[in-house]
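In what follows, a structure is listed as structure tokens, so that the remarks can point back to it.
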Amino acid sequence: MKKLYYLWQFMKGNRALYIISIGAIGMATFLLFFWPMILRVTVDSIIGEKALEAQGWLKPIFTGAFNFFGGRSGLVGKLWICSILLIIITLIRGIFLYFKGKWSAIASESIAQRIRDKVYNHLQLLPYNYHVKSKTGDLIQRCTSDVETIRRFLAIQFVEVGRAFFMVGFALSFMIPMSVPMTLVSMALVPFIFGFAVIFFIKVKKAFQLSDESEGRMSTVLQENLSGVRVVRAFARQAHEMDKFDTRNCEYRDLTYRLIRLLAWYWSISDFLSLIQIAAVLILGTFWAANGVISLGTLLAFSTFVGMMLWPIRQMGRVLTDMGKTMVSVGRIHEILDEPTEEFHDDEKIAVKGKIEFKNVSFEYEPGKPVLKDVSFTVEPGQTVAILGSTGSGKTSLVHLLPRLYDYTSGSITIDGIELKDIDKHAIRKNVGIVLQEPFLFSRTLKENIGISRINSEDDEIFEAAQIASVHDVILDFQKGYETAVGERGVTLSGGQKQRVAMARTLLMNTPILIFDDSLSAVDIETDAAIRAQLNRRARKATTFIISHRLTTLSEADIILVLEHGKLVQIGSHEELVNQEGLYKRIWNIQNSLEEELETELEKNNVKIGINK
Ligand code: UTP
Ligand code: MG
């Protein structure tokens with residue numbers, strides 16, 4: 001029920017149009033019933049000699065029209081009038097059906113478009129954490145095929161429910177006044193046909209679901225193969241991948257085949273029941289007509305009614321099953337919409353100087369598994385902080401706290417003395433530039449990829465940012481320069497070039513706080529040094545965090561933090577840390593001895609080379 005309410009909510013704005021389209025199908029169905037009625041009058045009272053017989057509310061319409069054309073004597077020589085009437089009715093019916101199709105399509109397409117917009121906009125506002133955890137394929141499916149299920153249901157099936165109701169309702173109101181016994185005969189098997197349809201489709205719902213899920217699995221294999229094509233090629237796994245796809249493909253074929261077999265059974269049995277129903281009407285009707293209980297025209301009318309009525313009733317089972325599927329889709333879409341969004345106040349602006357203080361900060365992704373433990377340190381504006389630690393020690397987690405991608409679990413982080421949790425997320429993110437450890441480039445031009453961090457930035461500003469990131473000349477060397485389109489996932493660039501484009505994007509923001517998560521390690525030592533030198537020359541030097549394992553980078557920092565299993569085990573300048581036992585000194589010694597070894601080795605072989613640490 002709740003899901004029906006959700007569906008009703010989604011329809012907001014198009015409800016009226018949708019209801020009118022159902023009204024149009026009501027009118028079309030209503031007109032359909034005049035066909036057998038006109039045939040009946042033609043056979044009984046024009047060709048035959050019975051007095052015009054029309055019951056209930058139809059009486060004034062029929063007698064009026066009958067007399068208008070001059071009664072039986074007038075009409076008997078002009079049977080074409082009846083044909084023209086039938087054609088006119090068909091034409092008007094066609095117009096109603098056209099508008100029904102048009103309006104329900106407009107309504108359902110707009111509803112689908114609105115749902116997609118709503119979900120997409122909601123996804124934009126969901127926390128970083130949500131996106132890290134959810135599967136892209138699944139989200140895409142919800143935004144596309146689930147919405148499509150709803151659209152199809154609204155555009156086609158729900159209208160069918162309306163048609164079936166109108167059909168039965170009108171049939172009863174036309175049939176009962178003509179002959180109650182014949183109505184009973186015509187309706188005798190309808191409950192069974194309907195019941196069979198409902199029960200059958202409830203039973204095969206599972207088969208539908210299995211086939212759908214199997215299709216989903218097949219698409220996942222396809223999607224993963226295409227996104228991971230480089231891994232597949234690199235490891236020569238094509239044959240394995242083909243087998244995998246073939247298995248899923250066959251599974252899908254088998255399940256669909258089974259479904260089609262079941263449906264074939266359904267339609268055969270349902271056909272059989274329908275034929276019995278029609279046969280009953282014909283046999284009993286003929287018998288009664290022969291005995292003068294009903295007229296020939298009534299028999300003709302009833303046999304046509306039954307044929308018309310059975311089709312939508314047989315369809316109902318299918319519609320009800322699809323309704324179940326639609327409700328599942330509505331639920332899946334609402335799961336996204338029910339996720340709480342992040343609070344943003346776009347107008348809030350802050351001027352950050354860049355003093356940062358961590359006091360006993362702890363952080364955990366999952367309760368009970370702390371990733372950062374009791375971390376405390378202070379950074380003055382403009383200082384450079386280097387972070388060192390083995391993999392998984394919590395470096396990325398620590399810097400992710402600054403732009404509030406995650407919120408710390410306990411302790412306090414202040415920026416210029418203001419508690420970070422009290423600063424609006426948008427406002428802080430405009431002041432903290434971060435180059436992520438695994439940068440992502442969009443399939444757009446290089447200029448757009450860099451410019452994305454600051455809307456309406458001038459070309460000069462983009463060029464300057466690219467120059468600082470040492471990528472400007474590289475870009476100019478490309479045939480199309482800044483207009484070069486980056487392939488999906490940035491495949492046209494080397495790993496280091498990609499990193500530098502991502503860096504330029506962050507530098508363009510010119511933020512008072514800057515974070516490089518391992519990004520400088522992806523470029524060679526000289527470029528790394530050049531980038532840092534350029535950064536130091538900037539008019540307003542940012543408070544900079546650099547995660548790196550490169551000693552030249554680390555040693556030039558004002559403060560070095562050494563993390564081990566989420567704990568801050570060492571803190572100090574290069575001079576302080578080389579004289580302390582610990583990770584920093586160990587790495588320093590290892591790198592130094594390696595270099596000495598290398599130098600001796602090279603000297604032995606008479607090669608002279610200047611080694612940069
Ligand atoms: P980090 O991602 O902070 O480690 O994860 P790191 O120091 O930067 O490591 P490298 O050098 O880039 O490899 C710290 C811990 O947090 C967990 C990780 O499993 C790791 O043990 N973690 C990370 C999560 O539980 N969830 C996440 O979303 C990310
Ligand atoms: Mg990391």
Side-chain angles (χ1 to χ4, degrees), residues 123 126-139 231 339-340 342 356 358 360-377 379 384-411 413 420 425 429 432-441 495-496 498-500 502-503 505-506 513-523 525 528 531 544-555 557 559-571 577 582-584 586-588 590-591:
L123 282 173
L126 286 180
Y128 179 76
N129 192 16
Y130 177 84
H131 289 284
V132 171
K133 284 194 179 148
S134 46
K135 287 191 191 129
T136 321
D138 181 56
L139 289 184
V231 180
E339 284 287 328
E342 290 183 317
I356 296 166
F358 273 58
N360 310 101
V361 174
S362 294
F363 169 66
E364 51 196 33
Y365 291 99
E366 282 161 36
K369 288 188 191 155
V371 169
L372 291 175
K373 298 165 207 160
D374 218 10
V375 176
S376 306
F377 62 89
V379 190
T384 300
V385 184
I387 308 176
L388 173 71
S390 54
T391 106
S393 55
K395 306 180 293 294
T396 300
S397 308
L398 189 147
V399 292
H400 277 184
L401 298 180
L402 289 170
R404 290 195 66 189
L405 293 179
Y406 292 94
D407 275 334
Y408 40 105
T409 322
S410 65
I413 301 178
L420 185 57
K425 286 183 179 167
R429 283 174 198 169
V432 178
I434 181 163
V435 186
L436 297 171
Q437 192 166 11
E438 290 155 6
F440 177 86
L441 298 186
K498 215 172 118 182
Q499 283 281 7
R500 281 183 275 167
M503 232 181 273
R505 166 157 81 196
T506 304
I513 299 172
L514 257 182
I515 301 167
F516 298 100
D517 191 349
D518 237 3
S519 12
L520 289 165
S521 327
V523 296
I525 295 180
D528 173 356
I531 294 173
T544 312
F545 287 78
I546 301 177
I547 297 178
S548 175
H549 290 100
R550 196 173 272 161
L551 282 178
T552 37
T553 316
L554 295 168
S555 61
I559 306 170
I560 300 163
L561 307 177
V562 182
L563 281 178
E564 236 169 65
H565 302 298
K567 277 208 176 112
L568 186 58
V569 287
Q570 282 183 293
I571 174 166
L577 292 192
L583 183 67
Y584 190 81
R586 281 205 303 280
I587 294 186
W588 179 257
I590 292 170
Q591 290 204 4

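Every number for a ligand or one of its atoms is a count from 1 in the order of the listing.
No donor-acceptor distance shorter than 3.5 angstrom exists from the side chain of K395 to the backbone of L388, with no hydrogens or angles considered. The backbone N or O of N360 lies less than 3.5 Å from a partner atom in the side chain of S376, making a donor-acceptor pair. Judged by distance alone, with hydrogens and angles left aside, the side-chain atoms of T506 form a donor-acceptor pair with the main-chain N or O of A502 at under 3.5 Å.
Scored by the salt bridge (Lys or Arg N to Asp or Glu O under 4.0 Å) test, E438 finds no partners at all (sequence neighbours excluded). Residues passing the salt bridge (Lys or Arg N to Asp or Glu O under 4.0 Å) test with D407, sequence neighbours excluded: R404.
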Anything under 3.5 Å between an N or O on ligand 1 and a protein N or O? List each pair with its distance, or write none.
| from | atom 1 | to | atom 2 | distance (Å) |
| --- | --- | --- | --- | --- |
| ligand 1 | 3 (O) | T396 | N | 3.4 |
| ligand 1 | 3 (O) | S397 | N | 2.9 |
| ligand 1 | 3 (O) | S397 | OG | 2.5 |
| ligand 1 | 7 (O) | S393 | N | 3.2 |
| ligand 1 | 7 (O) | G394 | N | 3.0 |
| ligand 1 | 7 (O) | K395 | N | 2.9 |
| ligand 1 | 7 (O) | K395 | NZ | 3.0 |
| ligand 1 | 8 (O) | T396 | N | 2.9 |
| ligand 1 | 8 (O) | T396 | OG1 | 2.6 |
| ligand 1 | 9 (O) | G392 | N | 2.9 |
| ligand 1 | 11 (O) | K395 | NZ | 2.7 |
| ligand 1 | 12 (O) | Q437 | OE1 | 3.1 |
| ligand 1 | 12 (O) | Q437 | NE2 | 2.7 |

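Ion pair E564/K567 not flagged as a salt bridge, since none of the NZ, NE, NH1 or NH2 atoms sits closer than 4.0 Å to an Asp/Glu carboxylate oxygen.
Here the two rings, on Y406 and Y365, have centers that are under 6.0 Å apart.
Sorted by chain and number, the protein atoms of type N, O or S within less than 2.8 Å of the Mg ion (ligand 2) are T396 OG1, Q437 OE1.
Of the inter-residue distances, the one linking S548 atom OG with D518 atom CG reads 6.5 Å to the nearest 0.5 angstrom.
Heavy-atom neighbours of H131 NE2 from other residues, nucleotides or ligands within 6.0 Å: above the threshold of 12.
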